[in-house]
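Step one of this worksheet: look at the structure below.
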Amino acid sequence: MVRNPEDVIETWMQNVSRRTFMKTTGVAATAAALGSGSSGATAYDGVDIESKLEELTVRQKAAQMTQVAISSFDPQASVPERFGVETLGEYFSKLELGSILSGGSKPPSFDAKEVVQGINALQEYNLNHSSSSIPFLWGVDAVHGNGLLADATVFPQRINMGSTRDVDLLEDAARHTADSTAAMGAHWTFAPTNELQRDPRWGRFFEGITEDPMLLGAITRARVRGLESNDRLCSTDKHFAGYSIPESGNDRGHAQTSMRDLRTNLLPPHRMALEEEPKTVMVNSGAINGKPAHVSSWLLTEVLREQYDFEGVVISDYNDFNRLIVNHDYTDSLRQGIKEGINAGVDMYMIGNGDASNGPVTFIETVADLVEKGEISTERIDEAVRRILELKAELGLFQTPTVEESRISDVLGGAKEQSEQLAKESMVLLKNENDALPLSGSNRVLLTGPGINPNTGLRNRFMMQHGGWTLGWQGVQGGYPTEGGPRPRQNTILETMNEAFGSVAHVPTSFVTAPFQNAEPHTDDVSPNGNFGFTDQQESKVKSEAARADAVVVVLGEGPHNEGFGDRDTFELAPPQRSLVEAVTKQAPDTPVVGVILAGSPQGTAQTFDMLDAVLFAGQPGSDTGRAVTDTLLGKYNPSGKLAFNWPASVGKVPNHYNQYPPLDDQGPLYEFGHGLSYTTFEYSNASVSPKSVLNPTDTPTVTVSVDVANTGEMAGDHIVEVYNTQSYGSVLQPKRRLIGFKRVSLDAGTSTTVEIEANLAAIEVVPGDVPGTKQKVVEAGAYELSVGDSITTTLTIENTGSVTKPRDRGSHED
Ligand code: BGC
């Protein structure tokens with residue numbers, strides 16, 4: 001039978017993953033697929049990977065496995081002595097390093113043109129000066145937009161993304177990030193973060209999206225799709241896995257968890273994201289159940305490779321073989337750390353800036369020695385390097401190592417519509433007493449607080465609206481506040497309020513960002529993530545303006561922060577902020593006082609919120625903060641965001657995620673997961689589920705919940721309809737509430753619609769059985785109460801126990 005080539009490809013595609021398909025779509029490979037006899041399954045982008053691999057010495061292979069941070073584009077620039085060479089150019093001419101990182105605090109430039117020219121020139125230098133002539137991979141942290149360049153659009157931070165529940169729009173935003181990052185000349189973004197938000201003490205809480213594993217997985221997989229949509233850019237599912245629950249609340253700490261928790265909550269978002277085939281994975285910098293993730297073969301090989309079928313490159317986190325010594329006290333030998341890490345499954349070592357005993361030369365020599373002595377097999381090194389070379393080929397770097405320099409100006413600062421819409425959708429109205437909001441009838445508004453940002457004189461305080469990973473790791477240029485430094489494309493609350501009202505009275509209170517300053521323990525001077533003040537002069541000015549205002553907006557919160565420097569031991573707003581709220585509310589007891597919280601964590605407790613009439617949690621909305629906040633305050637936008645985490649009543653209540661096992665804390669959180677007010681009212685009726693009864697979840701992994709939703713108020717608005725499983729019994733405890741599906745709808749006042757929500761039963765899978773938690777995950781037979789809102793329920797019956805995610809999610813092979 002003569003087969004049509006398209007049919008052959010069609011059948012073949014059904015049998016290979018997208019990644020494998022991409023790898024083999026080079027000329028030689030396509031020929032091979034069509035049976036023309038070529039052997040080149042790894043020959044693509046003009047390179048035969050196997051031959052290339054054979055040409056390399058062990059040292060050259062180890063160099064391919066090395067990533068260092070740089071802060072200049074000049075090959076003649078000197079580099080720290082510990083790196084073992086004298087100039088930047090020698091990274092390529094002498095060491096032939098495989099990858100470069102410039103995500104950290106001191107990138108070579110924030111100027112788009114300089115960056116694209118710089119990366120291109122350095123790539124050419126590399127290709128002309130290294131004997132192996134292999135293009136390098138340039139990696140960056142474009143984690144909420146391309147926040148690496150001045151004038152770039154920065155999308156709302158991850159803490160905001162969860163509140164939007166807008167999976168499609170987030171995918172679209174990620175697509176723009178991919179285009180902009182690729183046009184800049186980078187090849188790799190260390191995104192999306194895939195951290196289950198459980199502990200707001202943790203300095204990277206703002207990088208989590210939600211404490212719900214299903215919602216996290218749904219958003220992360222969409223972001224992977226978006227970030228992988230540009231052929232010249234690859235994404236990273238990070239950090240694999242269990243990073244977000246350090247028992248101390250401190251970054252890079254040890255996580256005490258159980259196999260059941262890992263497999264029910266922490267791993268599923270990764271499994272979901274990995275189904276979209278991100279090309280790389282970054283390892284959790286912490287440790288789990290007594291084992292640092294970087295040396296866990298169970299995590300990096302058994303789960304990641306064998307159960308989740310991951311085929312791409314595993315990169316370490318920054319300096320993490322060394323952290324096995326200096327952070328985890330796991331070993332006192334770098335050699336031992338490198339050996340265990342590579343054998344466990346790490347393919348590339350992100351040395352970053354290294355330190356005295358940990359530079360690229362040390363790494364390369366150590367790997368060579370380990371291979372020579374048989375402590376790491378040649379096969380293992382070849383496997384790692386093969387993956388790295390394949391990644392370079394998939395990105396087309398061998399054929400086209402540089403990018404067109406004019407393209408970046410077309411994309412820089414774009415996607416304004418998506419950015420503004422996401423920022424608006426992420427606003428969560430926590431409280432609105434006596435209809436303090438919207439401010440539509442107000443004429444004289446006083447704007448005050450540390451988040452007010454006049455154009456001059458107040459250095460980088462605008463960073464409160466962006467958070468970390470914006471023009472620097474700690475969120476400020478080079479880590480330090482500068483008056484004339486670069487800015488993202490942005491509108492501020494002061495600008496947009498002035499536009500809306502003609503002009504508003506404003507009294508900024510003191511705030512200086514606190515990069516590299518640990519917030520613990522906090523004092524009156526050093527508060528969580530920023531140094532705040534409220535001077536006598538500011539107080540008298542605020543009081544006199546408040547007395548004349550018919551509404552007051554106080555913009556409170558915390559400054560940009562990151563990682564260990566952002567860890568906090570309180571959720572109380574800094575004392576000067578509390579004094580400000582007290583002064584305003586005492587001075588103008590009959591005037592509505594609205595708090596806007598710009599923060600990457602639940603900043604604020606009842607102590608302050610009780611004094612305020614309304615509270616809008618704005619999070620860190622990025623470029624379009626001004627538009628989003630102002631339109632929401634004025635009612636031009638009807639708030640629709642829902643909290644994606646429980647807002648704890650106090651730090652003593654942590655952890656208090658909404659899907660904890662019963663019994664729950666009597667006091668409850670200050671605001672619950674899913675909370676978020678609107679200026680209109682929505683009512684539900686007629687919930688049903690189809691099918692009502694599932695014979696076996698393996699055969700019927702999804703059900704559809706249908707419910708009527710009516711906008712019974714007087715304003716049009718968006719509403720996120722959520723379906724929870726609220727009651728069920730089985731062989732193990734089950735949370736009192738578990739999100740199984742959601743949909744965002746828009747409804748005009750007085751209209752209604754029937755909403756159909758597809759729910760994947762993986763969300764109600766449990767790890768059955770006794771304490772060890774190693775059995776196959778299943779949906780257990782029984783009756784499952786499904787709820788929409790507080791009182792509308794329907795029942796789903798599962799007739800027979802069965803697995804949805806089988807065979808990808810197992811505790812161990814012995815099961
Ligand atoms: C962070 C990673 C990041 C890397 C590179 C590390 O400190 O943990 O998330 O990708 O730095 O900037």
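Residue indices begin at 1 and follow the sequence shown. As the structure lists them, so they are numbered: ligands from 1, and atoms in each ligand from 1.
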Going by atom type alone, with no hydrogens or angles, which donor-acceptor pairs under 3.5 Å involve a side-chain atom of residues 111-118 and a protein atom two or more places apart or on another chain?
unit_1 : atom_1 : unit_2 : atom_2 : d
D111   : OD2    : K113   : N      : 3.2
D111   : OD2    : E114   : N      : 2.9
E114   : OE1    : S109   : OG     : 2.9

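Pairs passing the salt bridge (charged side-chain N to carboxylate O under 4.0 Å, His left out) check and including a residue from residues 326-345, sequence neighbours excluded, read R335-D369, R335-E375, K339-E375.
For the pair W469 and ligand 1, the shortest N or O to N or O distance does not fall below 3.5 Å. Residue H239 places at least one N or O, backbone or side chain, under 3.5 Å from an N or O of ligand 1.
Within ligand 1, the atoms closer than 4.0 Å to a non-hydrogen atom of M282 are 2 (C), 10 (O), numbered from 1 in the order shown. Which parts of ligand 1 touch K238 is read off a 4.0 Å heavy-atom cut-off, strictly below it: atoms 2 (C), 3 (C), 9 (O), 10 (O). Listed by atom number, the atoms of ligand 1 under 4.0 Å from F190 heavy atoms are 10 (O). Interface atoms of ligand 1 facing E563, defined by a heavy-atom separation under 4.0 Å, are 1 (C), 6 (C), 7 (O), 8 (O). In summary, the atoms of ligand 1 found under 4.0 Å from a heavy atom of Y318, numbered by their order in the structure, are 6 (C), 7 (O), 11 (O).
Looking at Q67 against ligand 1, nothing comes within 4.0 Å, counting heavy atoms. Within the 4.0 Å heavy-atom criterion, neither part of E195 lies near ligand 1. Looking at L101 against ligand 1, only its side chain comes within 4.0 Å, counting heavy atoms.
The closest approach between R252 and ligand 1 falls below 4.0 Å for a heavy atom of the residue.
Taking the six-membered ring for Trp, W473 and F516 have ring centres closer than 6.0 Å. F83 has its ring centre less than 6.0 Å from the ring centre of Y91. Annotation: Y243 is in aromatic contact with W202 [ring centroid separation under 6.0 Å]. Separation of the H561 and F206 ring centroids falls under the 6.0 Å cut-off.
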_As a quick check of understanding, evaluate salt bridge (charged side-chain N to carboxylate O under 4.0 Å, His left out) for D151 and R489, giving each step before the final call._
CA-CA 4 Å; D151 304 320; R489 174 186 76 71; over 6 Å; no
*Mind running side chain to side chain contact (heavy atoms under 4.5 Å, CB included) on M348 and S316 for me, showing each step along the way?*
CA-CA 6 Å; M348 183 181 280; S316 80; over 6 Å; no
